[in-house]
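The structure presented is a predicted model; accordingly, all values stated were derived computationally and were not measured. No hydrogens, no waters, no symmetry mates; every other heavy atom, side chains included, goes into these values. Proteins get letters first, then strands, A, B, ... in listed order; numbering begins at 1 in each.
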Amino acid sequence: MPAQTRRMSFPKVVIERDTDSEESSSDDEGGDIVVEEEEEEEVVEPKYGEVEEEEEEKLAMKKKPITLSLKKVCKVCKKTGHEAGFKGATYIDCPMKPCFLCKMPGHTTMTCPHRVATEFGVVPAPRRNTHNSLDYVFERQLRPRIPKMKPEFIIPDQVSCAVIRYHSRRVTCLEFHPTNNNILLSGDKKGQLGVWDFGKVHEKTVYSNIHGCILNNMKFNPRNDGTVYSGSSDGTAGCTDLETGLSFSLMNLNPNGWQGPSSWKMLYGLDINSEKGVVLVADNFGYLYMIDMRSNNRTGEPILIHKKGSKVVGLHCNPIQPDLLLSCGNDHFARLWDMRRMETGSSLYDLAHKRVVNSAYFSPVSGSKILTTAQDNRLRVWDSIFGTLDTPSREIVHSHDFNRHLTPFRAEWDPKDPSESLVVVGRYISENYNGAALHPIDFIDITTGQLVAEIMDPNITTISPVNKLHPHDDVLASGSSRSLFIWTPKEKSEVQKPADEKKIILCGKADKKTKKKFGDDSDSDDDGFSKKGKQSKSKKPYLGSPQLVIKQESYKSKSSKKH
DNA sequence: ACTTCATGGCACC
DNA sequence: TGGTGCCCCTGAAG
């Protein structure tokens with residue numbers, strides 16, 4: 001392309017005519033100006049005789065001599081007078097764009113009210129008093145499960161062990177073993193399944209022949225916790241034995257192979273209804289499939305549950321009421337279904353969102369609340385599925401933007417919190433912590449919208465979109481890029497294991513930066529044995545801190561810590 | 001300290 | 001309704 005090479009020959013200069021011509025600067029992508037001197041102007045004589053496609057542009061150039069003005073240009077809006085981008089570890093927004101956090105115009109992320117005080121972003125619940133029969137059922141059967149007093153939240157805020165670059169692609173999902181407390185499963189973008197015993201740290205395996213691409217969701221078999229079900233973008237649902245790594249396919253939606261993108265089916269949402277003995281999976285065309293767990297055969301026909309042609313990214317069965325199913329997808333809806341009447345258009349409720357819904361979960365104890373994560377940077381909470389669901393009870397502004405290169409963020413309940421108010425979710429936007437731009441993991445009280453804690457580690461500079469709280473222990477697992485981290489509460493880990501016994505395993509090839517950060521001194525280390533306790537001894541971790549430092553105060557020194 | 005690339009949602013026509 | 005081009009905080013590799 002001649003136009004391309006021509007453009008490349010002066011990438012750092014914006015050509016501006018004396019008059020305020022729009023076209024001159026707007027179509028040049030590489031037009032960032034880094035030269036300071038604004039007063040320096042140069043008159044350039046246009047060259048004649050060149051044969052090029054842009055005839056009009058040439059003609060325009062012939063008319064007037066053009067000047068090269070060396071001004072600073074914002075890389076976002078291409079206008080002068082300001083610049084967006086990192087200034088040290090602080091990101092400066094382009095003032096011409098709506099706020100990156102709350103998406104409202106008129107201010108930037110730095111001055112966004114939601115950044116300073118998260119509770120500001122909460123839309124309070126309208127008073128509801130329906131007094132219908134469902135309310136009666138709720139009050140009688142479910143309310144007693146929810147304690148009146150909110151317990152103190154225990155926050156796993158310190159990295160106790162980690163596997164760095166465990167996967168060869170970014171982590172997409174995590175699952176704790178339901179009975180063996182130290183086993184963490186992780187899926188990745190390549191379709192591989194990791195089994196890690198973080199209690200023994202170095203005991204880890206990666207099964208690579210289960211799926212061909214993205215492992216989107218997985219769930220343990222409730223009847224045999226030695227096996228997991230998984231759904232993948234390769235269009236198959238599989239069942240894998242964790243001991244042997246042997247898996248068999250339950251369903252293949254692309255039996256004829258690749259016939260082009262318009263027909264290639266991918267499986268996203270997955271859950272298990274143990275009461276009914278079915279595995280539920282959903283595809284990228286809006287359909288739900290059910291597989292009988294005993295016969296491993298499909299039951300019934302696929303059902304269109306979201307807009308035709310749209311991705312169904314999440315399925316969740318109600319933990320208490322087996323007839324209730326929650327789905328969510330790219331058609332900007334989360335939908336509540338009665339399993340006894342699964343037909344297109346027969347959903348009990350359609351919960352509208354402004355953008356794609358990354359996840360929708362029932363609350364883990366009573367199953368009566370709904371929490372969704374949407375790509376409009378808002379968490380939404382419905383306090384009771386037995387009331388009217390027309391509008392969410394609360395909307396909490398939180399930075400978890402969509403980025404095609406990241407696993408979509410999903411806010412996850414704390415299954416151990418009987419009050420069903422603590423939620424964990426990774427934060428997209430970075431904060432300047434001691435000179436480093438870090439992306440914390442947030443704990444939010446969804447009854448108030450307040451930030452309970454933000455946890456980060458100076459060694460984790462990547463975003464952590466995948467987080468899961470342990471079903472029994474005070475443990476958080478997070479997936480950040482290709483690495484996994486296990487967090488435990490500070491007090492506990494200090495008593496149990498001193499900081500210098502922190503176990504970090506570095507897998508695969510490590511670049512200089514990673515080596516420096518985690519103190520590795522070899523290129524490859526897949527056995528993981530040699531790294532035990534090494535990093536704290538000689539090599540200086542990132543930021544020069546003698547050990548991992550976790551900051552637990554809230555945003556901007558404003559303490560919103562609960563209790 | 002650069003560039004490149006992978007590749008999802010969505011606005012816009 | 002389908003194609004196309006754009007995109008602000010990525011992360012890894014070269």
Side-chain angles (χ1 to χ4, degrees), chain A residues 4 7-8 11-12 26-30 32 34 73-79 82-103 105 107-110 112 115 164-172 188-190 213-214 216 233 260-262 264 266 268 284 307-311 313 329-332 353-358 374-377 398-409 426-433 436-440 456 460-466 479-483 507-515 517 523:
Chain A
Q4 205 75 7
R7 197 176 280 175
M8 295 302 274
K12 299 230 160 184
S26 61
D27 72 344
D28 199 329
E29 273 186 27
D32 295 21
V34 268
V73 168
C74 173
K75 67 175 181 183
V76 177
C77 70
K78 312 282 191 291
K79 292 201 169 74
H82 64 273
E83 274 182 297
F86 274 105
K87 277 248 175 344
T90 307
Y91 193 92
I92 308 297
D93 273 353
C94 169
M96 310 305 282
K97 290 275 179 172
C99 172
F100 192 68
L101 175 56
C102 73
K103 311 295 179 195
H107 63 270
T108 64
T109 313
M110 288 299 274
C112 179
R115 183 174 175 125
I164 310 300
R165 295 177 178 226
Y166 179 36
H167 287 271
S168 54
R169 291 287 184 276
R170 61 166 208 248
V171 172
T172 54
D188 72 20
K189 198 170 165 284
K190 218 177 173 184
C213 57
I214 319 176
N216 288 307
S233 287
S262 57
W264 184 260
M266 306 189 248
Y268 282 85
N284 56 328
K307 187 183 171 187
K308 198 166 191 171
S310 75
K311 206 187 276 178
V313 290
N330 278 26
D331 62 353
H332 302 187
H353 292 70
K354 296 240 162 58
R355 282 282 184 274
V356 167
V357 191
N358 288 345
Q375 290 185 6
D376 62 349
N377 266 358
H398 178 262
S399 172
H400 49 255
D401 285 62
F402 168 77
N403 179 321
R404 71 187 133 163
H405 311 297
L406 300 175
T407 303
F409 289 84
R427 196 191 305 171
Y428 187 122
I429 208 161
S430 67
E431 304 275 351
N432 184 345
Y433 294 105
L438 301 177
H439 309 267
M456 82 283 305
I460 308 171
T461 52
T462 48
I463 295 172
S464 309
V466 193
S480 191
S481 187
R482 294 157 49 185
S483 306
C507 306
K509 277 200 170 176
D511 59 302
K512 276 181 195 164
K513 220 192 284 173
T514 314
K515 281 186 192 175
K517 278 200 287 186
D523 261 347

* Across the strands shown, which category fits A/P465 at heavy-atom distances under 4.0 angstrom: base, sugar-phosphate, nothing? -> nothing
Judged by nearest nucleotide, the residue sitting upstream toward the 5' end of DNA chain B, A/R355 or A/K189, is A/K189
Note to self: Quick check: do A/H82 and A/C77 have side-chain heavy atoms less than 4.5 Å from each other?
What the structure shows: yes
Exam field: side chain A/N377 to backbone A/D401, donor-acceptor pair closer than 3.5 Å: yes
When rounded to whole Å, the CD1 to P distance for the pair A/I214 and B/dT7 reads 8 Å
Exercise for review: Check whether any side-chain nitrogen or oxygen of A/K75 sits under 4.0 Å from OP1 or OP2 of C/dC7, and answer yes or no.
Suggested key: no
To the nearest angstrom, the CG-P distance between A/N403 and B/dG8 comes to 11 Å
Here the distance between atom P of C/dC8 and atom CG of A/D401, to the nearest Å, is 11 Å
A/H167 NE2 to B/dA6 C1', in whole Å, measures 19 Å
Of the listed C/dC9, B/dG8, C/dG11, the closest approach to the A/K311 side chain comes from B/dG8
By nearest-heavy-atom nucleotide on DNA chain B, the more 5' of A/H405 and A/Q375 is A/H405
Quiz prompt | Phosphate-side-chain proximity, A/R169 and C/dT10, N/O vs OP1/OP2 below 4.0 Å | solution = no
| request: Check whether any side-chain N or O of A/S481 sits under 4.0 Å from OP1 or OP2 of C/dA12, and answer yes or no. | output: yes
* Asked: Between A/R482 and A/H167, is there a donor-acceptor pair closer than 3.5 Å when you use the side chain of the first and the backbone of the second?
  -> yes
A/R404 atom CZ is separated from C/dC6 atom P, nearest whole Å, by 12 Å
Rounded to whole Å, CZ of A/F409 lies from P of B/dG9 at a distance of 15 Å
| task | Indicate whether any N or O donor in one side chain lies under 3.5 Å from an N or O acceptor in the other, for A/N216 and A/T172. | result | no
Using a cut-off of strictly less than 4.0 Å, decide whether A/N330 has a side-chain nitrogen or oxygen near OP1 or OP2 of B/dG9.
yes
> Base, sugar-phosphate, or nothing for A/F86, non-hydrogen atoms under 4.0 angstrom?
Replying inline: base
Separation of C/dG2 atom C1' from A/K308 atom NZ, nearest Å, is 16 Å
Rounded to whole Å, CZ of A/R482 lies from C1' of C/dA13 at a distance of 10 Å
Taking C/dC8, B/dG8, C/dA13 as options, the one with an atom nearest any side-chain atom of A/R165 is C/dA13
Any idea how A/Y428 and A/F100 line up, ring-wise: parallel (<30°), tilted (30 to 60°), or perpendicular (>60°)?
perpendicular
